Amino acid sequence: MNRKMAEVRTRYAPSPTGHLHIGGARTALFSYLWARRNNGSFVVRIEDTDVERNVADAEQKQLDGLKWLGIDWDESVDVGGPHAPYRSMERVDLYQQHLQKLIDAGHAYPCYCTAEELDEERQKQLAEGVAPKYSGRCRHLTEAEREAFRREGRTPSIRFRVPEGRILTIHDEVRGEVRFESDGIGDFIIQRPDGRPTYNFAVVVDDALMEITHVVRAEEHLSNTPRQVLLYEALGFDVPTFAHASLILNPDGKKMSKRDESVIQFIDQYRERGYLPESILNFLVLLGWAPEGDKAEEEIFSKEELINLFSLKRVSKAPAVFDTGKLNWLNNHYIKKSSTERITELAIPHLAKAGRISENPTGDERQWVTRLVGLYQEQLDWVAQIVDLTEVFFREEPVYSDEAKEVLSAEQVPEVIASLIQQLEAFTGELTPDEVKALLKSVQKETGHKGKKLFMPVRCAVTGETHGPDLRETISLLGKEKVLGRLRGFLEQRDRILG
RNA sequence: GGCCCGUUGGUGAAGCGGUUAACACACCAGCCUUUCACGCUGGCAUGCAGGGGUUCGAAUCCCCUACGGGUCACCA
């Protein structure tokens, strides 16, 4: 029993080509949860071998996204670790060493075909309806033939010699045993002509050297796995346990493409819109995983609970459909549970950007904004909605909806409004919700109108809408002057408004 | 085209040979409320893609078909 058996080690290995995608985040989350569940280690490794596609700050974006979600790691490019470096391109000497072993053992050979030649071969096979597969034409080149190619100036890539007639069995925690025939796999390139490894080779060397015990990733990698198993064997490494989660589909049930606009795909876009990290985390884990037993009836899970509950065996084989409605419901749930101060903090940038409040409100303004946010908190699916929701507080004159006009054309309305104006004019002091309540009570006494006949006209005259949050708080927040202005405006222009 | 994977209500999803086929979202109805929202209560699959088997008994096991997806890159 070696130490590999003792500790569970998982990793998330993104290529630094862009922001953290929901699919990647979910894969990272599953890996993370499994490691934490087993008191193991979670590694974030950067697979940057495709240098043409690398994006400058993508690596940092990936890490930032994970951090925001609350996914922390034990080893990576920033904190280092016993298996550093954690960036593929800084590990090329390691790949080279292992490549040499393969060559020495006859498991790998140089291939002098050019990209154009290979592409031509593939096109031909496709046209004939044959499975595209490398023909193996460089497999048995003599030293003389190789020398000839070299003299032509061709630099070889290195291919792995796939054994014939092998049945490869993969032990997958979510799918059980999956079998592949080696004959369906052509010799594949493990090192490019310029010396960089390809993904299939780099992951194997990295996962093995980093002592990864569980490789958790998306289904698109399942067909790659037999190639990797072959590499593990040829290199004399233990094969890790695999877990291939299904893909995430868009609401139409189609595979999510990067340019799919039916669903927001990047974690930071959710962050910008005011989704809470715990909502996203909760939502992500439910995308292809369900807890066992009694817990299966629950939907709300904290990170801590998930660490106790998570199991790779419970990951679904069937694809998961991204359900925006469910995400919004979850986020609304967490927003309702959050303190108003926290939501206010998140709302301020949105309101400030819309020019409604100052960048960094303090004192009275701060207090006012907090009350405003509190008024709408329970109906926010995401924080940025606060801007549209609170519009009525910032415009000069309300926009009267048709329903409001109908309410306002009732005969008792002018009397009620006039009475409220009087009450307000006579009022001095701070217009708290309780004071508003008292004022309305006076209007009731004076006019004899109560209930809907009293409150609806007031609401409609002040906000232009037949519905909205608590009237007393609304009036209090709007302030005496603004309310008076609107009430007077309504009476003066009643005919025009009611059209 | 070969090889792999999948298919439970409008949606997510539990279910692992015997259940009234959980639960949640959405939706509908009612209650609550001065309105909306929140909350609460109730309703919502004659049926588990289709067809064959196996079995006393199948959403659950096997086979075939259909459909969806993945992969066959000097991309991960």
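Order of the sequence lines fixes the chain letters, A, B, ..., with proteins taken first and strands second; residue numbering starts at 1 for each chain. All of these numbers come straight from a predicted model, not from anything done at the bench. Only this structure's heavy atoms are used, side chains among them; waters, hydrogens and symmetry mates stay out.
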**Q** Strictly distance-based, threshold 3.5 Å: is any side-chain N or O of Q412(A) a donor or acceptor partner for the main-chain N or O of K453(A)?
**A**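 Here the side-chain-to-backbone pair exists.
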
**Q** Considering only rA14(B), rA24(B), rA76(B), which nucleotide approaches the side chain of A290(A) most closely?
**A**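 Given the options rA14(B), rA24(B), rA76(B), the side chain of A290(A) is closest to rA14(B).
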
**Q** When you compare rG51(B) with rA66(B), how far apart are their C1' atoms, in angstrom units rounded to a whole number?
**A**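 Roughly 10 Å separates the two C1' atoms.
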
**Q** Just to be sure I understand the rule, does E47(A) reach a base, reach only the sugar-phosphate, or reach nothing, if contact means heavy atoms closer than 4.0 Å?
**A**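 If one applies the 4.0 Å heavy-atom cut-off, E47(A) turns out to touch the sugar-phosphate alone, with no base involved.
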
**Q** Is there a Watson-Crick or G-U wobble partner for rA13(B) with both distances under 3.5 Å, and which nucleotide is it?
**A**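 Here rA13(B) is not engaged in any pair, so there is no nucleotide opposite it.
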
**Q** Remember a base hit wins even if backbone is also touched, and classify G184(A) as base, sugar-phosphate or nothing at under 4.0 Å, heavy atoms.
**A**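 No contact at all - G184(A) keeps every heavy atom at 4.0 Å or more from the nucleic acid.
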
**Q** Nearest whole angstrom, please: distance from the P of rC23(B) to the CG of N282(A).
**A**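 N282(A) atom CG is separated from rC23(B) atom P by 19 Å.
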
**Q** Please evaluate the base of rA73(B) for a donor-acceptor partner in the side chain of D119(A) within a cut-off of under 3.5 Å?
**A**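 No.
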
**Q** Measure the distance from CZ on F301(A) to C1' on rG12(B) and round it to the nearest whole Å.
**A**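 About 13 Å, once rounded to whole Å.
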
**Q** Figure out the CD1/C1' separation between I248(A) and rG69(B), and round it to whole Å.
**A**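 It is 14 Å, rounded to the nearest whole Å.
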
**Q** What is the distance from NE2 of H221(A) to C1' of rC4(B), rounded to the nearest Å?
**A**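 That distance rounds to 15 Å.
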
**Q** Does rU20(B) pair with anything, Watson-Crick or G-U wobble, both distances under 3.5 Å, and if so, with which nucleotide?
**A**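 WC or wobble partner does not exist here.
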
**Q** When all nucleic acid strands are considered with a 4.0 Å heavy-atom cut-off, which category describes T27(A): base, sugar-phosphate, or nothing?
**A**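 It contacts nothing in the nucleic acid.
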
**Q** Need one value for P319(A): base, sugar-phosphate or nothing, where a base atom within 4.0 Å counts as base even if backbone is also close, heavy atoms only.
**A**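 Result for P319(A) = sugar-phosphate.
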
**Q** Out of the candidates T27(A), N224(A), T225(A), only one should pair with R217(A) under the side chain to side chain donor-acceptor pair (under 3.5 Å) rule; please name it.
**A**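 For R217(A), the side chain to side chain donor-acceptor pair (under 3.5 Å) check succeeds only for T225(A).
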
**Q** Within the 4.0 Å heavy-atom criterion, would you say R179(A) contacts the bases, only the backbone, or no part of the nucleic acid?
**A**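 Answer is sugar-phosphate: R179(A) comes under 4.0 Å of backbone atoms only.
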
**Q** Closest to the S223(A) side chain: rU35(B), rG70(B), rA14(B)?
**A**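 For S223(A), the side-chain atoms sit closest to rG70(B).
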
**Q** Separation of F283(A) atom CZ from rC25(B) atom P, in whole Å?
**A**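 After rounding, the gap between these two atoms is 14 Å.
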
**Q** OP1 or OP2 of rC23(B) less than 4.0 angstrom from a side-chain nitrogen or oxygen of K295(A), does that happen here?
**A**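 False: K295(A) side-chain N/O out of range (4.0 Å or more) of rC23(B) OP1/OP2.
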
**Q** Would you indicate which nucleotide in rA13(B), rA26(B), rG69(B) comes nearest to any side-chain atom of L247(A)?
**A**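 Output: rG69(B).
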
**Q** What nucleic acid atoms does F180(A) come within less than 4.0 Å of, heavy atoms only: base, sugar-phosphate, or nothing?
**A**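 It contacts sugar-phosphate atoms only.
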
**Q** In the structure shown, which nucleotide is the Watson-Crick or G-U wobble counterpart of rC3(B), with both distances under 3.5 Å?
**A**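 Across any shown strand, rC3(B) pairs with rG70(B).
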
**Q** Are the aromatic ring centres of W289(A) and F310(A) under 6.0 angstrom apart?
**A**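 Between W289(A) and F310(A), the centre distance is under 6.0 Å.
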
**Q** Looking only at side-chain atoms of E219(A), point me to the closest of rC23(B), rU35(B), rG69(B).
**A**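 Between rC23(B), rU35(B), rG69(B), the one nearest the side chain of E219(A) would be rG69(B).
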
**Q** Can a donor-acceptor pair be found, under 3.5 Å and without considering hydrogens, that links the side chain of E177(A) to the backbone of I170(A)?
**A**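 No: the side chain of E177(A) does not pair with the backbone of I170(A).
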
**Q** Kindly say whether the aromatic ring centers of F283(A) and F322(A) come within a distance under 6.0 Å.
**A**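 Distance test on ring centres: under 6.0 Å, yes.
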
**Q** With sugar-phosphate meaning primed atoms plus P, OP1 and OP2, does A320(A) contact a base, only sugar-phosphate, or nothing at under 4.0 Å between heavy atoms?
**A**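 Counting heavy atoms under 4.0 Å across all strands, the contact made by A320(A) is with sugar-phosphate only.
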
**Q** Angle between ring planes, Y275(A) versus W382(A), binned at 30° and 60°: parallel, tilted or perpendicular?
**A**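 Ring orientation, 0 to 90° scale: parallel.
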
**Q** Counting only Watson-Crick or G-U wobble pairs whose two distances fall under 3.5 Å, which nucleotide matches rU34(B)?
**A**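 No nucleotide pairs with rU34(B).
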
**Q** From the options rC36(B), rA73(B), rA26(B), select the nucleotide whose nearest atom is closest to the side chain of W329(A).
**A**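 Taking heavy atoms from C-beta onward, the closest nucleotide is rA26(B).
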
**Q** Watson-Crick or G-U wobble partner for rG57(B), using a 3.5 Å limit on both distances?
**A**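 Answer to the pairing question: none, since rG57(B) forms no Watson-Crick or G-U pair.
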
**Q** If you measure from the P atom in rU20(B) to the same atom in rG1(B), how many Å do you get, rounded?
**A**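 Between the two P atoms, the distance is 44 Å.
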
**Q** Please name the pair of heavy atoms, one in E164(A) and one in S182(A), separated by the smallest distance, quoted to 0.1 Å.
**A**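 Taking every non-hydrogen atom into account, C-OG, 3.7 Å.
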
**Q** Need the pair for rA49(B). Rule: Watson-Crick or G-U wobble, both distances under 3.5 Å, any strand; none if unpaired.
**A**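 In the structure as shown, rA49(B) has rU65(B) as its Watson-Crick or wobble partner.
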
**Q** Is the phosphate of rA76(B), meaning OP1 or OP2, less than 4.0 Å from a side-chain N or O of T49(A)?
**A**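 Yes.
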
**Q** What is the separation between atom CZ on R314(A) and atom P on rA14(B), rounded to the nearest whole Å?
**A**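 It is 7 Å, rounded to the nearest whole Å.
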
**Q** Check the angle between the aromatic planes of F242(A) and H244(A) and answer parallel, tilted or perpendicular using the 30° and 60° thresholds.
**A**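 The rings of F242(A) and H244(A) lie parallel, inter-plane angle below 30°.
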
**Q** Among rA76(B), rC25(B), rC74(B), which nucleotide has an atom closest to any side-chain atom of Y199(A)?
**A**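 Among the listed nucleotides, the one closest to the side chain of Y199(A) is rA76(B).
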
**Q** Which whole-number value in Å describes the distance from D206(A) CG to rA76(B) C1'?
**A**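 These atoms are roughly 13 Å apart.
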
**Q** Under a 3.5 Å cut-off for both distances, is rG42(B) Watson-Crick or wobble paired, and to whom?
**A**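 Pair assignment: rG42(B) / rC28(B).
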
**Q** Looking only at the side chain of K336(A) (C-beta and beyond, no hydrogens), which of the listed nucleotides rC25(B), rG39(B), rC74(B) gets closest?
**A**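 Output: rG39(B).
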
**Q** Choose from rA76(B), rC36(B), rC23(B) the nucleotide whose nearest atom is closest to any side-chain atom of E297(A).
**A**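 Looking only at heavy atoms from C-beta outward on E297(A), the closest nucleotide is rC23(B).
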
**Q** Categorize K453(A) for me: base, sugar-phosphate, or nothing, with a 4.0 angstrom heavy-atom threshold over every strand shown.
**A**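 The answer is nothing, as K453(A) stays clear of every strand by at least 4.0 Å.
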
**Q** Check whether any side-chain N or O of R122(A) sits under 4.0 Å from OP1 or OP2 of rC74(B), and answer yes or no.
**A**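 True: R122(A) side-chain N/O within range (under 4.0 Å) of rC74(B) OP1/OP2.
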
**Q** Side chain of V178(A) only, heavy atoms from C-beta on: which candidate in rU71(B), rC4(B), rU35(B) is closest?
**A**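 For V178(A), the side-chain atoms sit closest to rC4(B).
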
**Q** Which whole-number value in Å describes the distance from K317(A) NZ to rG6(B) P?
**A**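 In whole Å, rG6(B) P lies 6 Å from K317(A) NZ.
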
**Q** CG of D64(A) to CD1 of I267(A): how many Å apart, nearest 0.5 Å?
**A**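 The CD1 atom of I267(A) is 12.5 Å from CG of D64(A), to the nearest 0.5 Å.
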
**Q** Within the 4.0 Å heavy-atom criterion, would you say S15(A) contacts the bases, only the backbone, or no part of the nucleic acid?
**A**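 Sugar-phosphate, backbone atoms only, no base.
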
**Q** Categorize R175(A) for me: base, sugar-phosphate, or nothing, with a 4.0 angstrom heavy-atom threshold over every strand shown.
**A**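 It contacts sugar-phosphate atoms only.
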
**Q** Please figure out whether D470(A) or T114(A) has its closest RNA chain B nucleotide nearer the 5' end.
**A**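 This one resolves to D470(A).
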
**Q** Any idea which of rA37(B), rC4(B), rG6(B) is nearest the A318(A) side chain?
**A**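 Among rA37(B), rC4(B), rG6(B), the one nearest the side chain of A318(A) is rG6(B).
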
**Q** Which part of the nucleic acid, if any, lies within reach of K326(A) when heavy atoms closer than 4.0 Å are counted: base, sugar-phosphate only, or nothing?
**A**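 The residue K326(A) makes base contact.
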
